[in-house]
Q: 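This is the structure, below, for whatever I ask next.
As the structure is a prediction and not an experimental result, all values here were calculated from the model.
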Amino acid sequence: MSIEEKLRMEYKRKSRALSVPKEPAAKVVAAFRDMSQDSKSGRHHNGSEKSAHRRTAFWLAAILLLSGFAYGGGKLLFQNQLGLWSLQLFSGGEDMLLDEAASEEIWSSLQDVKRELQPGEAAMVYFAALAESTHPLYRNYPLFGVKNSLWLQESHAQVVNRMRKDGLQVLVPETLPDGYVFSDAFQGEPLSVNAGPEGLLIMEQLQDEIAVSGKRVAWARMKKYEPASNLYTLAYVHEQGDTLLVTVEALEEQRVDQRWVVPNSTQVEELNIRGNKASYTSGDDVPFSATRYYQEVSWSIIDPSHANGQYIYRVGSESKKMGKAELLRLAESFMYPHVELRLAA
């Protein structure tokens, strides 16, 4: 039985008697640790290494959800479901907010580690401040992933051809309204890094290092970081320096269920983009952002013109100078040139 089949069976078994504990179930995390060790030793692999990593990362999120990591007693703020994809946003509660000193330490440390990484490298950073938090999500998983993206340094036409070879049969305009022009692209998420099984193992190593050294922050490079080939982030740059990040992900055969926890201070809105239900989020003190601010609109479509292929779109910006209306207009123009924005009633 493959890792994915084992995890699927565990997911179904747990979901039939789902409860929402304040602390994660140790036996579920231990079970996943055993499975990730199997993965590390090379056993029970199906398909390519890339697709196996993507599926394993998704099931990690599912197990953490069932263990109580993702809920933490929070309120459901937004949900969307289409085809193979679903998205849920939860409020993390008041105790998810960090004090100013801890917030500054986390943000500055992530920026410092990023400067130590070569293009294409990623690392896990462990924070004692998070391990000491009252919030179960922070306390039981007190680390963040950070990366130095490997920019392709290719022309618009070259990037489009590369994306199509990887199954992303989507319209990729070279220019957007308001003077935004395609600049470059890379494979992977726009800001953060999905820890996956390796992140769980690194967390234990860093936890031991913190205990022995007395340091407040410890980090280690990921050895197996490899961005998914079906996910690209494209940068569009304005002449005044603002950058728009457009992320496109082609869904394969497996489901993708995304569950995110956000601080209560995060703005969350439901929108309608040309008949597609979408979410808008914005917040300050985002640890992965160079400006500590990030806003994003995301949605999914099924494209009947390409064998009903399904895609997830995320359009974001680290600039506070860009208003919500402008971000949404740019998001819509990426898919539907020369149309007007329509907000949900």
Q: For residues 207-214, tabulate all N or O donor-acceptor pairs below 3.5 Å that involve a side-chain atom, not counting sequence neighbours.
A:
residue	atom	partner	partner atom	Å
E209	OE2	K215	NZ	2.8
S213	OG	E209	O	2.7
S213	OG	K215	N	3.2

Q: Check whether any side-chain heavy atom of N80 sits under 4.5 Å from a side-chain heavy atom of S279, and report yes or no.
A: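 Answer no - side chains too far apart.
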
Q: Quick check with a 6.0 Å cut-off and a 45 degree axis cone: is K324 positioned over the face of Y280's six-membered ring?
A: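 Judged by the rule, K324 and Y280 form a cation-pi pair.
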
Q: Determine whether Y294 and T281 make a side-chain contact, defined as any pair of heavy atoms from C-beta on separated by less than 4.5 Å.
A: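 SC-SC contact between Y294 and T281 ruled out.
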
Q: Answer whether the closest heavy-atom distance between the side chains of Q169 and D303 falls below 4.5 Å.
A: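 Not in contact.
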
Q: Would you call the rings of F182 and Y236 parallel, tilted or perpendicular, where under 30° means parallel and over 60° means perpendicular?
A: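 Judged by the thresholds at 30° and 60°, the geometry between F182 and Y236 is perpendicular.
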
Q: With a cut-off of 6.0 Å (strictly less than), are more than 12 heavy atoms of other residues, nucleotides or ligands near NZ of K277?
A: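 More than 12 heavy atoms, drawn from other residues, nucleotides or ligands, come within 6.0 Å of this atom.
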
Q: Less than 4.5 Å apart, side chain to side chain, heavy atoms only: is that true for Q153 and D184?
A: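 Contact flag for Q153/D184 side chains = yes.
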
Q: Does some side-chain heavy atom of Y313 sit less than 4.5 Å from a side-chain heavy atom of V297?
A: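 A side-chain contact under 4.5 Å is absent here.
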
Q: Taking side chain as C-beta onward, heavy atoms only, is L98 less than 4.5 Å from L130?
A: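 Yes - at least one pair of side-chain heavy atoms lies under 4.5 Å apart.
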
Q: Between Q310 and L82, is there a side-chain heavy-atom distance shorter than 4.5 Å?
A: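 Yes; the side chains approach each other to less than 4.5 Å.
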
Q: Taking only Lys NZ, Arg NE, NH1 and NH2, and the carboxylate oxygens of Asp or Glu, determine whether K321 and E326 approach each other closer than 4.0 Å.
A: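 So K321 does not pair with E326 through a salt bridge.
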
Q: Side-chain donor-acceptor pair under 3.5 Å between Q81 and Q79, yes or no?
A: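 The criterion, which ignores hydrogens and geometry beyond distance, is not satisfied for Q79 and Q81.
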
Q: Are any non-hydrogen side-chain atoms of T233 and E189 less than 4.5 angstrom apart?
A: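 Side chain of T233 against side chain of E189, heavy atoms only: no contact under 4.5 Å found.
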
Q: Can you get from Y293 to L327 by hopping between Ile, Leu, Val, Met, Phe, Trp and Tyr side chains that sit under 4.5 Å apart?
A: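 Same hydrophobic cluster.
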
